[in-house]
Participant: 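Take a look at the following structure, please.
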Amino acid sequence: MLSKEDQRRFDAITRQLRQSDPGFFERLDQRARSRVRRGRYLMLLTIVLWASLPAVTVLAGRPTGAAFAVVLLANAGLLWRYRRRLL
């Protein structure tokens, strides 16, 4: 956590950089939005896979259910990775 004086200096530097190079801040905003969007898609995929896993296992058999489980594990790993980056 920054002291009040350090926070003021940081804000001044940020303001100056925003005025001198607006493209830099635009690129940062685009990266942040794409990470949030990616996390939302992964969460949606997780919900859909978990909801369909029992039905697919019953209808298509255990090998297909096992494949779904592997995909869910990979999805969970990716989701965990992106959530840690956002925090």
Participant: Check this for me, if you would: do D11 and R8 make a salt bridge, where the nitrogen-to-carboxylate-oxygen distance has to be below 4.0 angstrom?
Facilitator: no
Participant: Any chance you could lay out the side-chain contact (heavy atoms from CB on, under 4.5 Å) test for L79 and T46, step after step, and finish with the verdict?
Facilitator: CA-CA 9 Å; L79 189 61; T46 302; 4.0 Å; yes
Participant: Would a 4.5 Å heavy-atom cut-off, applied to side chains only, mark L49 and F68 as touching?
Facilitator: yes
Participant: Find the distance between OG (S52) and CG (L72) and round it off to the nearest 0.5 Å.
Facilitator: 7.5 Å
Participant: Can you hop from L78 to V71 via hydrophobic side chains spaced under 4.5 Å?
Facilitator: no
Participant: To the nearest 0.5 Å, tell me how far M43 CE sits from N75 CG.
Facilitator: 9.0 Å
Participant: Quick one: CZ on R27 to CG on D21, what's the gap to the nearest 0.5 Å?
Facilitator: 6.0 Å
Participant: Side-chain contact test, heavy atoms from C-beta onward, threshold under 4.5 Å: evaluate it for L17 versus S20 and give yes or no.
Facilitator: yes
Participant: So does E5 have more than 12 non-hydrogen atoms from other groups sitting under 6.0 Å from CD?
Facilitator: yes
Participant: OG1 of T14 to CD of Q7: how many Å apart, nearest 0.5 Å?
Facilitator: 8.0 Å
